[in-house]
Amino acid sequence: MANPVTYRPKTGEIPLDPGVYRFRDEHGRVIYVGKAKNLRSRLNSYFANPQGLLPKTRSMVFTAASVEWTVVGSELEALQLEYTWIKEFDPRFNIMFRDDKSYPYLAVTMGEKYPRVQVMRGDKKKDTRYFGPFYPAKAIRETVDTMIRVFPVRTCSAGVFKRAERTGRPCLLGYIDKCSAPCVGRISPEDHKALAADFCDFMSGEAKKFISGLEKKMAEAVQELDYESAARLRDDIAALRRVFERNTVVLSEDTDADIFAIREDELEAAAQVFHVRGGRIRGQRGWVVEKVEDMDTPDLVEHLLQQVYGEGSSSNEQIPREVLVPVLPSNSDQMLEWLRGLRGARVDVRVPQRGDKATLMGTVEQNAAEALRLHKSRRAGDITTRSTALQELQEALDLPQPLMRIECFDISHVQGTNVVASMVVVEDGLPRKSEYRKFSITGDAARDDTASMYDVIHRRFRNYLAGKAGPAVDAAAPDPETDPVDDDASVLAHPAVDEPSGGPLQDTTTAITRNRFAYPPNLVVVDGGPPQVAAASRALADLGIDDVFVIGLAKRLEEVWIQDSEFPVILPRASEGLFMLQRIRDEAHRFAITFHRQKRGKSMTASALDEIAGLGPAKRKALLKHFGSVKKIRAATVEELVEVPGVGPTLAETIRTSLAVAPEDAPAPAVNMATGEIIED
């Protein structure tokens, strides 16, 4: 760790203007972003007596190796730039209000030709209307099941929808009148979108309008003696009332507000919010955060609003007209201007003083206090266990530095085919899934496990050295013999870097100019014994790296092998350190197996379109999407082929000529070589 004295800027060099500052560690990674009305005053506070700083602030200052700042014209610009850099760099020491899980939302994809109602978690998408969050998830699924009785909007996936289009037969929901079946043309795209808009209007609080309309229709049906229709309308009205009355009425029906409350102590804070729409509590959400600086409540409120509404900035429907907070945020004028800009309309941020809203604020605060109490009781055991495990490993391996970052590598293949490798990362004892990586291995490197391990370690740390030497975009072009990558790996920063993690461990794509391997580990763990450890150590030695420790965890007796050691280190079976190594090794194995199965599945599929010159993956996909099968493509005329985006007359003639062969010479349909299943009609 660096001594703050070594990189402290001179007081006269720091401007008195508002701005944003960044602390970087010795590897150049941004570890903290902050803003200040007066940069000189704020930065000088970090270099005061270390004993007067909070523990986490002191850790940040000693972890950093440099500090830099950017002067801006106003406090609003500082607020916007701070938020942008926090989202870009994900600094490890910044206050981040983290959910214990992703809360489910009811989403309607209004941007699609045929909007779909579904339950969604995670990042918000453009042109999609969201309602919620709901908790538990069972409540939202019950709501959807009830609502589609009255508003039969499509709920099926894209695959089910396309299959119904091809076969001309709707799914079960279409037969039982819980879907209007746009897949088979029972309703036009315009009418279906209008139906989805009515669904959204009802969920937005306009329930009485629809209930009143159904009641009038029921009365008309009774007058016409159409009792069957009247009975159906009666059941529809009852269903809508169940949805409408499910949430407690707490405020007047024209009230749309988010009510925040915070309960804190010296080290941590818990935040809760009730989402009130149409006078009803439509959802609840909670966060717990560790304090980095000695922040007061207004600063916490500012960071909370910044994060909550910044996440949903692509959909201004998430910001209500009224935001109720325990205290006004610091820089309240700038925060208010920022929120109004995101919503595109007026937003009021205020503290309720009396009445029903103040009473509800007290209820939210009680929830925050309970959340903080529960978090502390659970967190105590977690922190103790992780700290014990890391300390045991450091002492057992006789390492000079704390294990801030551990990387584990595993190789996966079937009899030497489709060889892949995985890299999983643990920081401060917790998995860092955004840093997981996958590698494809071909050529001589795939001949055995030791060669594959050498190749993976060499590539990972060669990219680390390249990142230290200069920007990743200046690196030389990859050698396909030594740097094999998959088709979707071309978006990555460095040419030798393999594709990012996907599937259940989805990683967000970062900017091309950023090096993904810039931060080295304190410890490398390989799955295997002395041969694998020797291969990894040799790769590091060939690159001139001597400050990264390598160990191997053998499966048979769970012994820990150290480089250049004749005997393994045996950790007690009940050791927390051994348990942590096992969890890391098993996670690397699971991640490698997942990637191997994906790669093997792709290699086992052959198609008649694969051999056509000039027909790449994108155009093959477009053809199959347009026609549905190779059989229909073979029967298509040149004029019909040209209708596919990206297919011109020349390519259409080539496709027609290649597929128009005699039946006895026709290529075999696409087949899954593992199961023998024909996958083309």
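What you are looking at is a predicted structure, and each value in this text was computed from that prediction instead of being measured.
Ile237 has its side chain within reach of Glu215: a pair of non-hydrogen atoms, C-beta onward, lies under 4.5 Å apart. Between Val347 and Arg340 there is a side-chain heavy-atom pair separated by less than 4.5 Å. Considering only heavy atoms from C-beta on, Leu324 stays 4.5 Å or farther from Val364 through its side chain. The shortest distance between side-chain heavy atoms of His192 and Val153 falls below 4.5 Å. By the 4.5 Å heavy-atom criterion applied to side chains, Phe260 and Leu305 are counted as neighbours. Contact of the Arg585 side chain with the Asp410 side chain is not registered, since no non-hydrogen atoms from C-beta on lie closer than 4.5 Å. Annotation: side chain of Thr255 is not in contact with side chain of Asp356 (no heavy-atom distance under 4.5 Å). With a 4.5 Å cut-off on side-chain heavy atoms, Arg343 and Tyr309 do not count as touching.
In this structure, the separation between CG on Asp258 and CD on Glu322 is 10.0 Å, given to the nearest 0.5 Å. Of the inter-residue distances, the one linking Ile633 atom CD1 with His626 atom NE2 reads 9.5 Å to the nearest 0.5 angstrom. For the atom pair NZ of Lys619 and CD1 of Ile612, the computed distance is 12.0 Å after rounding to the nearest 0.5 Å. Between the NZ atom of Lys113 and the NZ atom of Lys193 there is a distance of 10.0 Å, given to the nearest 0.5 Å. For the atom pair CG of Leu651 and CG of Leu641, the computed distance is 8.5 Å after rounding to the nearest 0.5 Å. A distance of 11.0 Å separates OG of Ser229 from NZ of Lys217, quoted to the nearest 0.5 Å.
Checking side-chain atoms of Arg116 against main-chain N and O of Cys156 turns up a donor-acceptor pair under 3.5 Å. Looking only at distances, a side-chain donor or acceptor of Arg186 sits under 3.5 Å from a matching main-chain atom of Gly174.
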From CA spacing to verdict: side-chain contact (heavy atoms from CB on, under 4.5 Å), Leu304, Val273
CA-CA 10 Å; Leu304 179 61; Val273 59; over 6 Å; no

Please test Arg437 against Phe595 for side-chain contact (heavy atoms from CB on, under 4.5 Å), starting from the C-alpha separation and ending with a verdict.
CA-CA 10 Å; Arg437 296 292 176 264; Phe595 182 36; over 6 Å; no

Let me see the working for Asp145 and Lys178 under side-chain contact (heavy atoms from CB on, under 4.5 Å), right down to the final yes or no.
CA-CA 8 Å; Asp145 187 62; Lys178 283 197 171 183; 3.1 Å; yes

Please test Ser180 against Leu195 for side-chain contact (heavy atoms from CB on, under 4.5 Å), starting from the C-alpha separation and ending with a verdict.
CA-CA 9 Å; Ser180 54; Leu195 189 64; 4.1 Å; yes

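Remark: Arg169 CZ is loosely packed, at most 12 non-hydrogen atoms of other residues, nucleotides or ligands lying under 6.0 Å away.
Under the 4.0 Å criterion applied to side-chain N and carboxylate O atoms, Glu587 and Arg590 are assigned as salt-bridge partners.
Nearest heavy atom pair, residue Val222 against residue Ala230, reads CG2-CB, 3.8 Å. Nearest heavy-atom pair, Ser422 versus Ala592, reported as atom, atom and distance to 0.1 Å: OG-CB, 3.4 Å. Nearest approach of Ala261 to Met361, heavy atoms of both residues: CB-SD, 4.1 Å. Here the closest heavy-atom approach between residue Met110 and residue Cys200 is recorded as SD-SG, 4.1 Å.
For the side chain to side chain contact (heavy atoms under 4.5 Å, CB included) with Met423, the lone residue among Phe439, Phe591, Tyr436 that qualifies is Phe439.
Using cut-offs of 30° and 60° on the angle between ring planes, the pair Phe161 and Tyr114 is tilted.
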